[in-house]
Amino acid sequence: MTRTLIVTGGAGFIGSNFLHMLAELRPQWRTVNLDALTYAGNLENLTALEGREGYTFVHGDVSRSEDVERAFEAAGDDLPVSVVHFAAESHVDRSIRSGVPFVQANMLGTQVLLDVCRARGVERFVHVSTDEVYGSLGPEGFFTEKTPLQPSSPYSASKAGSDLLVAAAHHTHGFPALITRCSNNYGPYQFPEKLIPLMIANARENRPLPVYGDGMQVRDWLYVRDHCEAILTVLERGECGRVYNIGGHNEFPNLEIVRRILAHLGKPESLIEFVADRPGHDRRYAIDAGRIERELGWTPRYTFEEALPLTIDWYLAQDEWLQRVRSGAYQSYYQSQYGA
Ligand code: NAD
Ligand code: TYD
C-alpha cells in the first residue's frame with residue numbers, strides 16, 4: 001500500500017537510518033522529514049536522498065504547531081498520512097547538565113505533535129521510545145512491556161512523560177498510536193557523543209577512552225538497521241494502543257565494548273581511562289522482546305560479532321563525515337545547501 005509518512009527527527013541517527021531503509025524497502029512511499037536541526041540533526045546524513053522524488057525536508061520544531069502544520073502541507077492530502085516520531089533530545093549526559101530542553105522537545109513537543117496529528121486525522125502514529133523509561137535492572141531479569149515505568153535520568157523521565165501523553169491520547173481520544181521501546185542502538189550516523197562512536201573516534205586518534213565508574217554497567221545493544229526494521233513492522237502490523245519492546249538479546253558491560261573496539265582497531269588497552277561515574281547511572285538494561293517476536297514475527301538479523309566490526313569500519317571509511325561532525329562544520333551545511 002502507498003502512503004505518506006511524516007518522519008520527525010529524520011536528520012538524527014536512527015531517523016536517518018530509517019529514511020535510508022524506507023528508500024530501499026518502500027520506494028513508493030512519500031516521506032516528509034520534519035527536523036529542527038539541533039546539534040544532533042545533520043542533513044549530511046541524508047545527502048543520498050536529496051532531490052529524490054517523494055522525499056521532502058521541512059525545517060521545523062515539533063513543539064511549534066505551525067511547523068507541524070507545514071509538514072502536513074508538504075505531505076498533501078491525497079494519500080493517508082502516518083507519522084513516525086523520532087524527534088527528541090536523546091543524550092543522558094546532556095540531560096543531567098540541563099533538563100529543560102528535554103522537557104521542551106520530548107514532552108511539550110510530543111503533545112503539540114499529537115494535537116496537530118489528531119486534528120489532521122492521521123492513519124497511524126508510532127512513538128519511538130526507549131527501554132530507559134523502565135529504570136535500572138539488577139543482575140537478573142528483563143524489561144517486559146508490563147514493567148512499571150521508573151525512569152532515573154531527566155532524559156528517561158522526559159521520555160516516560162512522552163509515552164504517557166501518547167498513551168493518554170489513545171485512551172482518551174482513540175488516537176491510533178503505538179509505542180516502541182528499544183534498547184541501545186549502534187551503527188552508522190550516530191552522533192559521536194554516545195559510547196560506541198565516541199570510543200571509535202577517540203581510539204583512532206590515540207586519545208583516552210573515558211569509561212564511567214567501573215565500566216561494568218550493562219547495555220543491550222541493537223544494530224540500528226534491526227531497530228528500523230522493527231519500527232516498520234510495528235507501523236505496518238502493530239496493534240494500536242499497544243507497546244512493543246525491541247531488543248537485541250545482546251548484553252555487554254561497557255568495558256567489554258571498549259575492549260572489542262580497541263582490539264578491532266589494533267590499539268592498546270592503555271588508552272582506557274576510568275573517569276568519575278555518571279550521577280544516577282543505571283546499572284543494567286535488558287529487553288524481553290518476546291511480544292514483537294511472537295505477535296509480529298520480528299527478530300534481529302544482525303549479531304554483534306557481525307555488526308560491531310561493520311560499524312567500526314563505517315566510521316573509518318567516513319572519516320570526513322566524522323571530522324565535520326566533530327569540528328562543527330556539518331552545521332554550516334544547511335546554510336550552504338538551502339540558503340537562509
Ligand atoms: P539523535 O539525537 O541522533 O537525533 C534526534 C533528532 O531529532 C535530531 O535530528 C534533532 O535535530 C531532532 N530534534 C530534536 N528536537 C527536535 C524538535 N523539537 N523538533 C524537531 N526535531 C527535533 O537521536 P537518536 O539516537 O536518533 O534517537 C531517535 C529517537 O529514538 C529518540 O526519540 C530517542 O529517545 C529514541 N531512542 C534512541 C536510542 C538510541 O540508542 N539512540 C534507543 C532507544 C530509543
Ligand atoms: P550512552 O551511549 O550515553 O547511552 P545511554 O546512557 O543512553 O545508555 O552510554 C552507554 C553506556 O556507556 C552508559 O552506561 C554510559 C557509558 N559511557 C561511558 O562509560 N563513557 C562515555 O564517555 C559515555 C558517553 C558513555
Side-chain angles (χ1 to χ4, degrees), residues 1-10 15 18 22 26 29-32 34 58 60-88 103-131 133-134 143-149 151 157-182 230-246 289-292 294-298:
M1 177 193 136
T2 299
R3 54 157 53 103
T4 300
L5 196 63
I6 296 177
V7 174
T8 73
F18 186 74
L22 282 186
R26 299 292 180 272
W29 287 13
R30 191 185 297 160
T31 49
V32 176
L34 172 64
V58 173
D61 185 332
V62 291
S63 65
R64 289 166 48 95
S65 57
E66 56 272 38
D67 290 1
V68 180
E69 293 287 358
R70 281 196 293 115
F72 274 94
E73 277 148 31
D77 52 13
D78 53 327
L79 289 172
V81 177
S82 289
V83 175
V84 177
H85 178 34
F86 293 100
V103 174
Q104 172 80 26
N106 301 359
M107 294 184 64
L108 183 62
T110 297
Q111 186 60 55
V112 169
L113 181 67
L114 284 170
D115 288 349
V116 176
C117 288
R118 194 159 60 80
R120 289 276 187 166
V122 296
E123 193 184 29
R124 286 160 89 79
F125 181 103
V126 177
H127 176 62
V128 179
S129 189
T130 166
D131 60 354
V133 298
Y134 298 123
F143 297 131
T144 73
E145 291 83 356
K146 294 200 166 68
T147 303
L149 303 189
S158 68
K159 290 297 289 188
S162 68
D163 286 21
L164 295 177
L165 293 169
V166 172
H170 175 263
H171 182 83
T172 307
H173 302 291
F175 183 73
L178 305 99
I179 296 175
T180 60
R181 295 190 180 131
C182 188
I231 292 168
L232 182 59
T233 303
V234 170
L235 172 68
E236 294 187 317
R237 302 209 302 276
E239 188 186 321
C240 288
R242 222 150 162 71
V243 175
Y244 296 92
N245 280 354
I246 304 169
R291 173 179 286 175
I292 188 172
R294 277 190 313 277
E295 296 182 8
L296 306 182
W298 172 89

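These figures come from a predicted structure and were not determined experimentally.
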- request: Report the C-alpha distance between Leu114 and Val166 in whole Å, list the side-chain angles of each, state the deciding distance to 0.1 Å, and finish with yes or no for side-chain contact (heavy atoms from CB on, under 4.5 Å).
  value: CA-CA 7 Å; Leu114 284 170; Val166 172; 4.2 Å; yes
Would a distance-only check, ignoring hydrogens and angles, find a side-chain to backbone donor-acceptor pair under 3.5 Å from [X] to [Y]?
{"X": "Ser63", "Y": "Leu108", "value": "no"}
{"X": "Glu145", "Y": "Asn245", "value": "yes"}
{"X": "Asp67", "Y": "Gly60", "value": "no"}
{"X": "Thr8", "Y": "Phe86", "value": "yes"}

task: Take Arg26 and Leu5 through the side-chain contact (heavy atoms from CB on, under 4.5 Å) test and state the conclusion after the steps.
output: CA-CA 11 Å; Arg26 299 292 180 272; Leu5 196 63; over 6 Å; no
Evaluate the side-chain proximity of [Y] to [X]: yes if any heavy-atom separation is below 4.5 Å, no if none is.
{"X": "Phe143", "Y": "Val133", "result": "no"}
{"X": "Phe175", "Y": "Val122", "result": "yes"}
{"X": "Ile246", "Y": "Trp298", "result": "yes"}
{"X": "His127", "Y": "Ser162", "result": "yes"}
{"X": "Glu69", "Y": "Arg120", "result": "yes"}
{"X": "Leu149", "Y": "Arg181", "result": "yes"}
{"X": "Val128", "Y": "Val84", "result": "yes"}

Atom pair [atom1] ([X]) and [atom2] ([Y]), whose distance is rounded to the nearest 0.5 Å:
{"X": "Phe18", "Y": "Leu235", "atom1": "CZ", "atom2": "CG", "result": "6.0 Å"}
{"X": "Arg291", "Y": "Arg242", "atom1": "CZ", "atom2": "CZ", "result": "3.5 Å"}
{"X": "Thr110", "Y": "Asp163", "atom1": "OG1", "atom2": "CG", "result": "8.5 Å"}
{"X": "Asp115", "Y": "Ser65", "atom1": "CG", "atom2": "OG", "result": "8.5 Å"}
{"X": "Leu113", "Y": "Phe125", "atom1": "CG", "atom2": "CZ", "result": "4.5 Å"}
{"X": "Gln111", "Y": "Leu164", "atom1": "CD", "atom2": "CG", "result": "11.5 Å"}

Please name the pair of heavy atoms, one in [X] and one in [Y], separated by the smallest distance, quoted to 0.1 Å.
{"X": "Ala88", "Y": "Lys159", "answer": "CB-NZ, 4.0 Å"}
{"X": "Ala105", "Y": "Val62", "answer": "O-CG2, 4.2 Å"}
{"X": "Ile179", "Y": "Ser129", "answer": "CG2-CB, 4.2 Å"}
{"X": "Ala87", "Y": "Gly9", "answer": "CB-N, 3.6 Å"}
{"X": "Trp29", "Y": "Thr2", "answer": "CD1-CA, 4.2 Å"}

message: Please evaluate residues Tyr244 and Thr233 with respect to the criterion side-chain contact (heavy atoms from CB on, under 4.5 Å), reporting the C-alpha separation (whole Å), side-chain torsions for both, the decisive distance (0.1 Å), and the verdict.
response: CA-CA 11 Å; Tyr244 296 92; Thr233 303; over 6 Å; no
field: Given Glu123, Arg124, Glu236, the one that forms side chain to side chain donor-acceptor pair (under 3.5 Å) with Ser82
entry: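 When side chain to side chain donor-acceptor pair (under 3.5 Å) is applied between Ser82 and each of Glu123, Arg124, Glu236, only Glu123 qualifies.
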- request: Answer yes or no: are there more than 12 heavy-atom neighbours, outside His171 itself, under 6.0 Å from its atom NE2?
  value: no
